[in-house]
Each structure stands twice: as structure tokens, then as C-alpha cells.
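Presented below is the structure to which this report refers.
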Amino acid sequence: MNKLHWLIACFFLLLQSLPARAQLSFQLEMIPNPYQAPKGTRAILVNGDGSHVVVYGKKVDEHDDKIPMAFHWSERDGHTHLGLLNNRNVLLPMDISDDGKVIVGHNGGASFVWTKQQQMRTVPKLKSHYINTAISISADGKTVVGYTGWQSDIRAFRWEIGKSLQEIGTGKDKVKWRNATYSSEDASVIVGSTPGQVYVWKSDNTITPIIAPEDCHFIAEDVSHDGHTIGGRCSIDTPMVWNEFNGFSTLPIPAEAATAMSGDGTKFLGSAKYKGENYIDTYRPILWHQKHIYFLDDIVKQLNPNKAMKRVTISNISSNGKVIVGGYKDSIDRYYPFKLIIKE
């Protein structure tokens, strides 16, 4: 055997000795539906370790009006109805703290913060006639971010619970932030935007624009716990990830966006576009991890072979990257919430 052949043989022996990258496996756990929501609910939010979930559904009243209903659920405490601030027709929980004890969202023109002890409370406003939209809460449960204002006068805010509401400030060329959308673990980094531009605010009160690639209108969808990584999309349907040190990269997902990520920024939820029946574009929920795509609708159907399953919706992933939540709808439009546990 000459030297070249010997080197090639050693190379292949080395390859065979390397451990294969194991693919993820999954376990499906169904979440009970609250009796107050006869058409069922779907899980929309999950805390840091997957032990607390927010489920959301609608109840039809005697006037055939669809009333939104949201519940906090844990295996220990069961379902707790979040209630309403005022407007019974519009209720949307937006985020949950890592310990599962604080939930934020909006109810009509007002925003709320919810805890089991104090129930639903109103987020303060910069001015009395403004509307508030709370979008995110820091993982430690101490700081809420969102936007507030009226008509064209929209301002981003940061609110440390129990203190005064703080307008975040102005960005490039004195253009006001239109919203603050995502917060790092301790709210020391906040992602927000003005029309056509994404910014990063830091606790030293600096605001830095993120310069997207040419012909890309970057839209942020989530931020990692350390604030260094932002998942989102470029324009309509190109999944993009921005890292503070490495810049932009495109995820190898067929289309759409990186809509949620684990706290360490290594697992991304999104959707992939493909040609379904009659060649109509259809979007399928996916998980992207270590360059591998997992089609989550197929996984749920394999783990729960309910022939009446009509559509699978994936909503969020826990910050530890181990639990995905969502729901599926059956042939009579009843929802069933679930947790999809990731095994590594």
C-alpha cells in the first residue's frame, strides 16, 4: 500500500469512528381541554421548561358571538381562567415568563399583566387616551415591552413592573421607534422597529440599526436569551437569522420565517411552503435544528393517529428548547392542545 492509499484508508477509518449526529425524537402529551371552552383550545405559549402553558380558545354565547377565552395550565394546578380587563371580543395573550408565573397580552385597547395571585392588571399608559399593546416579557418576569400611542403617534415602551412606563427613545435620524417587540432574558436587549428598519436597544440606552442585505426588508420574529441572535424573515418568505457577531445568514428552510427560537438560539420554529393538493401553496410547521428539518405535522400525526385530524398548528417552543406547544383541529372544527416533548 503506497502512502496515498494509506492516508485515504486512515481518513475513512477516522470518519467511521466519529459519532453520528443523532436526530431528535419526540413524545406527544395531550393537554386537557377546560370545560368552559366546549370547542376546545390550542396551546399558544409555553414557559422556560415546558411546565406552564397558556391555552386559547373561543366560546359561543347565546347571541352566537365568539368570546375569546385564555387559560393558564400546569399539571399541578390545572386550568386557571385569565379573565378579561374590559373588551370581551378581543383578548390575546402574547408572552409568558420563564417561571410561568407572569403572562402579558392585550385586551382591546388596553394591555394586561397577569399573575395567579393578583389576577389581570392593566399596564400603565404614557397618556390617558393612548392604546397599549404589550408584546413581550423578559424571561425573569420583571419587564414588559410593546408599543403605545394613538393613530400615527406610536411609541415603543419598556415597563419594569411596579415602576413608571418608559418610552424607549428615538433611533436613526430621530425617527421614533414604532414598537418594541422582543426582549432578552433580563430586558437588557430589546428588539424593535420603525417602518422599514429593525433596531436593537441596550440598557446603556444605545440604539443600533440592523443593516439588512440589499433587497431585504428584515422583519424580526424572536430574540435569544442573551440578545445576540434574532430570528425572522427577509421580506415575505425568506427565513433569516441575524447574529451580533456574524451578521445575517439564511436558514435552509423552503420558505416563510423563523417565527420562534429556543433561548440559546439553536432551535427554530417556522413553516415551509410546498405544493399541496391541486398544486395550491400550503405551509407546514417545521423545526430546524443542526441543519435538519423536522416536519412537525407529520410527527404529531404519527404519534397520535387520529384519522379525524384536519390541521396541526405549532405555536411556540420553550426557552430550554425541549418542549413545543400547539394544537390540532379535527373534522368538526374542535381543537385539542398538546405538548411535543423533544428527546435528544
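All figures in this text were calculated on a predicted structure; none of them were measured in a lab. Below, all heavy atoms of this structure are taken into account, side chains as well, without hydrogens, waters or symmetry copies.
Side-chain contact check for Asp298 versus Arg284: some heavy-atom pair is nearer than 4.5 Å. Contact annotation: the side chain of His81 never approaches that of Pro34 to less than 4.5 Å [non-hydrogen atoms, C-beta and beyond]. A 4.5 Å side-chain heavy-atom check between Tyr199 and Ile168 finds every atom pair outside the cut-off. Taking 4.5 Å as the limit, every side-chain heavy atom of Pro337 sits out of range of all side-chain heavy atoms of Val53. A 4.5 Å side-chain heavy-atom check between Val312 and Leu296 finds every atom pair outside the cut-off. Within the 4.5 Å cutoff, no side-chain heavy atoms of Phe248 are placed close to those of Val241. Using a 4.5 Å heavy-atom cutoff, the side chains of Asp333 and Lys310 are in contact. A 4.5 Å side-chain heavy-atom check between Ile341 and Val323 finds at least one atom pair inside the cut-off.
Side-chain atoms of Ser97 come within 3.5 Å of backbone atoms of Val102 as a donor-acceptor pair (strictly under, hydrogens ignored). Between the side chain of Tyr147 and the backbone N or O of Ile135, no donor-acceptor pair lies under 3.5 Å. Between the side chain of Asp95 and the backbone N or O of Ile137 there is at least one donor-acceptor pair closer than 3.5 Å. Under a 3.5 Å cut-off, the side chain of Asp49 and the backbone N or O of Asn320 do not form any donor-acceptor pair. Counting only distance, with no hydrogens or angles, the side chain of Asn33 and the backbone of Ala37 share no donor-acceptor pair below 3.5 Å. In terms of modelled atom types and a separation under 3.5 Å, the side chain of Thr181 and the main chain of Val191 share a donor-acceptor contact. Checked by atom type and distance alone, the side chain of Ser74 never pairs as donor or acceptor with a backbone atom of Ser51 at under 3.5 Å. One N or O on the side chain of Gln197 and one on the backbone of Ile210 form a donor-acceptor pair closer than 3.5 Å. Looking only at distances, no side-chain donor or acceptor of Ser318 sits under 3.5 Å from a matching main-chain atom of Val46. For the pair Ser111 (side chain) and Ala134 (backbone), a donor-acceptor distance under 3.5 Å is present.
With a 6.0 Å cutoff to the six-membered ring centre and a 45° limit on the axis angle, Arg334 counts as a cation-pi contact of Tyr336.
In this structure, Leu85 and Ala110 approach most closely via the heavy-atom pair CD1-CB, 4.0 Å. Looking at every heavy atom in both residues, Tyr182 comes nearest to Ala220 through CE1-O, 3.6 Å. Annotation for Met261 and Ile230: closest pair CE-C, 3.7 Å, computed over non-hydrogen atoms. Taking all atoms of both residues into account, the shortest heavy-atom contact from Asp226 to Val189 is O-CG2, 4.5 Å. In terms of heavy-atom proximity, Ser136 sits nearest to Ser183 at OG-N, 3.7 Å. Contact between Ala187 and Trp201 at its shortest, heavy atoms only, is O-CZ3, 3.6 Å.
To the nearest 0.5 Å, atoms NE2 (His225) and CD (Glu185) are separated by 4.5 Å. Here the NZ atom belonging to Lys301 is positioned 7.5 Å from the CE atom belonging to Met309, to the nearest 0.5 angstrom. In this structure, the separation between OG1 on Thr148 and CD1 on Ile154 is 7.5 Å, given to the nearest 0.5 Å. Between the CZ atom in Arg42 and the CD1 atom in Ile31 there is a gap of 13.0 Å [rounded to 0.5 Å]. With values rounded to the nearest 0.5 angstrom, Thr122 atom OG1 is found 9.0 Å from Asn107 atom CG. A distance of 7.0 Å separates CG in Leu82 from CG in Leu91, rounded to the nearest 0.5 Å.
With respect to the salt-bridge test (charged N to carboxylate O, under 4.0 angstrom), the residues Lys142 and Asp186 do not qualify. Ion pairing of Glu344 with Lys267 is present here, as a side-chain N (NZ or NE/NH1/NH2) and a carboxylate O approach within less than 4.0 Å.
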- request: Kindly indicate, with the supporting measurements, whether the criterion side chain to side chain donor-acceptor pair (under 3.5 Å) is fulfilled by Trp242 and Asn246.
  value: CA-CA 7 Å; Trp242 174 86; Asn246 301 319; over 6 Å; no

Working for side chain to side chain contact (heavy atoms under 4.5 Å, CB included), residues Val104 and Val123: CA-CA 9 Å; Val104 298; Val123 175; 5.8 Å; no

message: Does Phe112 form a side chain to side chain contact (heavy atoms under 4.5 Å, CB included) with Gln119? I'd like the steps, not just the answer.
response: CA-CA 10 Å; Phe112 68 83; Gln119 301 299 303; over 6 Å; no

field: Verdict with reasoning, Val55 to Tyr335, per side chain to side chain contact (heavy atoms under 4.5 Å, CB included)
entry: CA-CA 11 Å; Val55 296; Tyr335 285 95; over 6 Å; no

- prompt: When you look at Leu340 and Leu287, which way does the side chain to side chain contact (heavy atoms under 4.5 Å, CB included) test go after all the steps?
  reply: CA-CA 11 Å; Leu340 196 58; Leu287 169 69; over 6 Å; no

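Neither side chain, Gln36 nor Lys59, offers a donor N or O lying under 3.5 Å from an acceptor on the other. Looking at Asp77 and Trp73, their side chains never bring a donor and an acceptor atom within 3.5 Å of each other.
Between His72 and His52, the two ring planes are tilted [angle within 30° to 60°].
The number of heavy atoms from other shown groups lying within 6.0 Å of NZ (Lys339) is above 12. Residue-environment remark: NZ (Lys125) exceeds the threshold of 12 foreign heavy atoms within 6.0 Å. Within 6.0 Å of NZ on Lys58 lie no more than 12 heavy atoms contributed by other residues, nucleotides or ligands. More than 12 heavy atoms of other residues, nucleotides or ligands lie within 6.0 Å of CD in Glu29, so this atom counts as buried by the packing criterion. With a 6.0 Å radius and a threshold of 12 heavy atoms from other residues, nucleotides or ligands, Arg121 has its CZ atom above the threshold.
In this structure, Ile324 is a member of the same hydrophobic cluster as Leu24, with clusters built from ILVMFWY side-chain heavy atoms closer than 4.5 Å. Ile96 is connected to Ile44 through a chain of hydrophobic side-chain contacts under 4.5 Å among Ile, Leu, Val, Met, Phe, Trp and Tyr, so both are in one cluster. Hydrophobic clustering (side-chain heavy atoms under 4.5 Å, transitive across Ile, Leu, Val, Met, Phe, Trp, Tyr) groups Ile314 together with Ile342. Residue Ile317 is grouped with residue Phe338 when hydrophobic side chains (ILVMFWY) are merged at heavy-atom distances under 4.5 angstrom, including chains of intermediate members. A single hydrophobic cluster is seen to contain both Tyr56 and Met120, as judged by linkage of ILVMFWY side chains at heavy-atom distances under 4.5 Å, directly or through other members.
Residues Tyr294 and His289 place their aromatic rings such that the two centres sit no closer than 6.0 Å.
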